[in-house]
Structure formats: C-alpha cells, structure tokens
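One-based numbering, in listed order, for ligands and for the atoms of each.
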Amino acid sequence: MMQKKVFQFSHSSVNYYFDSSFLNLKDITDPKNTIIITDENVYTAHEKKFKPWNSIVLKPGEQFKVQATVDSIIGQLIEMGADRNTVLVGVGGGVISDLAGFIGCIYMRGIQFGFVPTTLLSMVDASIGGKNGIDVGFYKNMIGCIKQPSFILHDLDFLKTLPEKEWQNGFAEIIKHAAIKDAAMFEELEANKLSVYQKKIQSTALLIQRNAILKTKVVQKDEFEQGDRKLLNFGHTLAHALENQYDLTHGEAVAIGMAFAGKISQEYSSFKEADRLIKLIDKYGLPVTAGYNHNKVFDILQSDKKRENDLVNFILLKSIGKAYIEKISLEKLYNLL
Ligand code: NAD
C-alpha cells in the first residue's frame, strides 16, 4: 500500500508519495493519457522503468532549460495528440521538473503535471514549491510561473545511478535548509559525511523527507514569496549571477553563494560562524570560492528578480538556523564583490 501525504497550498493540494516506487506511478496516473518528460541520462540508466510509458527524452543539462526546448516539446506534444486531459510527468532532476512544470502551465493554457525527482537536489528542493521556468541567456529562471504539481513521487532506486557530483550538489540545498531553518540538522550534517549517507539509504530517506517537508512548510506559509519564502534564496543571489556565466552546476554556485553570504553576514549581523558554515560546505565536496569577473557578475546581479529599485534583498544569517532579509544597495554590493 502506497503511503500518501497531502499538503495544501493556496490554490491546490499536492500528494507526496515518499519512499515509494516508480511502479506505483500507474496507480496515480493512467499511462494512456500520460506523457513523461525525462532526459537521456535518466532514461538510459533506467530504461526498463520507462517501457510502459510514452516518453519525450531530452538532452541533459542546464543549457537546455531554454525556450528552444520548450518549443520542441510542445511540437512533440501536439504530434502525440496531447490534449487537456493529458498528464505530464517530469522524471529527472531540477532541469526536467522546471521544464515539465512550465509546459504544464502553458500547454493549452494549463494541464495537470506531476514530478518524479531523480536527483537528491530535486527531491529536497527543485520539485517542491511550484516554481517552474526556464533561463534566458545568462539570466536564470527569467521566465516562468508558479503552479503546484498534482503529485510528487520519490523512488530512491534512482539515486543508485546518481553520479558523486550530483550527490554533492544535492547537499548544497540540504546545507542551505539547515543554515536558514534547522540548527539541529546542521549539527547532524557536521557529525556525518557524504559517503555515510550514500551507504545508509534509510537515514538518507529520512533526511530527504525532513528537507522536503521543511521546504514545503515554508512555501505553504508564503507561496507567492512575500516574506519567509525569500529565505530559501540564501546563497542564490550570487549563485544565479555565477551559474550560467561560469559553467557551474546549480549546487556548486549555491555553495559559493552561501559561503559569500556567510562572510557578509558577519559584517551586517551578530553572526560569527562563517568559518563553521564554510567548513561544512567543504566537507560535502562543494566549492566555497570562485574566481570571477566582478563587473560581469554585477551586471547580472543588477537584473536580479529580488531587486527593488537600487536595493537587493540579500538573505543573511543571524545564527546557524536563523536567516533574515537585509536590503543591500547595489553600490555596497559592488564593493562587497
Ligand atoms: P539536472 O536536472 O541537470 O540533473 C543533474 C544531472 O544528473 C543531469 O546530468 C541529469 O541527467 C543527471 N541525472 C538526474 N537523475 C539521475 C539519476 N537518477 N541517475 C543518473 N543521472 C541522473 O540538475 P539538478 O541539480 O537536479 O537541478 C538543478 C536545476 O534545478 C537548476 O536548473 C535549478 O535552477 C533548478 N532548481 C529549481 C528549483 C525550483 O524551486 N523550481 C529549486 C532548486 C533548483
């Protein structure tokens, strides 16, 4: 029997099937009117699982989270006869859920969609919260919509084929959650290490659920990012300016962004633990600095979606587990960079 947890958002509810199996997908959505969107890496590593399903298989990578891919998927959906009753299921990492959700928002003015996240990062973060969208040039997630999926199904079997680097990327968002909201989880991460989580999949399942629920609760309270949801952007302002310019993965860019935000927290608040934060990021194999061209990064920061006139909403820490929003002027930010 599949365990279901239902979470209510402002316009809809989302069914979460934690610790489930991909085989159960057919009990959630009828294969006859379902179309899966996935990428080549996930498809080849788990080909058998996809047999009963109509699938669109994309090239993997952030560089394909763009309008040209959206156009191509829409063309294929039309050819496959997709209509208003079709259910789209994004089976993959955050690139796939962002794309599948975006198409779910716009195809025929909106059809149902669900996610089977297959990276640690998408299980704990990207598949949750209803933000869907694509990049435009260097600008991350410039176009998109906020709409919740109908369901999220976790099958930890997918993690067996996840490359080491992608495990590290997932921990960037887990460390972020701990740093902004959960000091006890931060300590747990300090006491553990990546190889232990990779081996002890049962502890990892609990860690994944704890993170998925942490993010869900933040989003439930503030779906349209008027307040607390902004805290989830810890590390992301700099990350988004770096990610597409410097060929960094999302997790790597967030790790560098968190280290930077930790250091400037010490200038703005009573925070004294930047070194502790940096040590944890490093422990999980993630970068804490990058050489970058300040002017190029500043150009992208100026068009950050979180900017208000010449002030950027920067997420800083007061202590481990407590984050807050600091408005920093563009001029000051330029100097800090
Ligand atoms: P990704 O989708 O690019 O996946 C990373 C890599 O892992 C890809 O090469 C993919 O093919 C491969 N992969 C995925 N599952 C696999 C598996 N089970 N076995 C083997 N290989 C597998 O990236 P990601 O790190 O999952 O997500 C990053 C994206 O998520 C970024 O675009 C970011 O903007 C977005 N994101 C969105 C939100 C949101 O709220 N919408 C939040 C965080 C991140």
Side-chain angles (χ1 to χ4, degrees), residues 9 14 22 37-47 49-50 57-66 69 90-102 104-105 113 115-136 138-149 152 154-174 176-177 198 201 208 211-212 214-216 218-219 223-225 229-230 232-237 239-244 247-255 257 286 305:
F9 292 85
V14 182
F22 192 73
I37 299 178
T38 187
D39 74 28
E40 283 169 2
N41 292 340
V42 182
Y43 188 84
T44 355
H46 299 271
E47 205 166 344
K49 291 191 176 70
F50 290 94
V57 184
L58 306 175
K59 294 214 175 308
E62 182 75 27
Q63 69 273 34
F64 295 104
K65 204 178 96 174
V66 292
T69 310
V91 183
V95 166
I96 292 297
S97 48
D98 278 6
L99 269 168
F102 184 50
C105 285
F113 60 93
F115 298 140
V116 179
T118 64
T119 61
L120 182 61
L121 189 143
S122 59
M123 287 179 186
V124 300
D125 190 355
S127 63
I128 299 161
K131 280 190 186 175
N132 312 288
I134 55 170
D135 305 335
V136 179
F138 292 143
Y139 301 102
K140 281 273 306 170
N141 306 328
M142 198 59 163
I143 294 176
C145 54
I146 296 189
K147 187 181 174 195
Q148 300 299 331
I152 297 172
H154 286 189
D155 180 346
L156 299 189
D157 191 54
F158 280 106
L159 296 182
K160 287 187 185 147
T161 59
L162 194 69
E164 175 81 5
K165 193 173 181 184
E166 302 307 334
W167 275 91
Q168 293 164 346
N169 286 331
F171 271 91
E173 303 286 10
I174 292 174
K176 177 193 78 179
H177 287 155
Q198 286 168 321
I201 208 74
I208 290 171
N211 276 274
L214 183 152
K215 175 164 182 189
T216 301
V218 173
V219 177
E223 197 168 344
F224 299 98
E225 204 164 297
R229 186 170 186 171
K230 290 187 178 141
L232 294 170
N233 295 322
F234 179 59
H236 281 60
T237 306
H240 283 167
L242 291 174
E243 189 174 341
N244 289 2
D247 201 20
L248 292 161
T249 63
H250 185 69
E252 289 166 341
V254 169
L286 290 155
K305 294 189 288 301

Ignoring angles and geometry beyond distance, decide whether [X] reaches within less than 3.5 Å of ligand 1 through its nitrogen or oxygen atoms.
{"X": "Lys65", "value": "yes"}
{"X": "Phe158", "value": "yes"}
{"X": "Gly92", "value": "no"}
{"X": "Glu173", "value": "no"}

* Asked: Got more than 12 heavy atoms from elsewhere within 6.0 Å of CG, Asp247?
  ->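 Result for CG/Asp247: open.
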* **Numbering as shown, the atoms of ligand 1 that approach Thr161 to under 4.0 Å (heavy-atom distance)** =>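 Counting atoms of ligand 1 from 1, those under 4.0 Å from Thr161 are 17 (C), 18 (N), 19 (N), 20 (C).
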* For Asn41, the ligand 1 atoms whose distance to one of its heavy atoms is below 4.0 Å ->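 Near Asn41, meaning under 4.0 Å from one of its heavy atoms, ligand 1 has 9 (O), 10 (C), 11 (O).
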* Asked: Are Lys140 and ligand 1 in contact, using a heavy-atom cut-off of under 4.0 Å?
  ->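 Under 4.0 Å: yes for Lys140.
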* Only counting residues at least two apart or in another chain, list the ones meeting side-chain hydrogen bond (donor to acceptor under 3.5 Å, both in side chains) with Lys147. =>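 Per chain and number, Lys147 pairs via side-chain hydrogen bond (donor to acceptor under 3.5 Å, both in side chains) with no residue.
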* **Any side-chain donor near an acceptor of the partner, Asp135 and Gln63, under 3.5 Å** =>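 Short answer, no.
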* State, without any angle test, whether Glu252 and Gln168 hold a side-chain donor-acceptor pair at a distance under 3.5 Å. =>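 Side chains of Glu252 and Gln168: no pair found under 3.5 Å.
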* Asked: Taking the six-membered ring for Trp, are the ring centroids of Phe22 and Phe50 within less than 6.0 Å of each other?
  ->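 Yes; Phe50 has its ring centre under 6.0 Å from that of Phe22.
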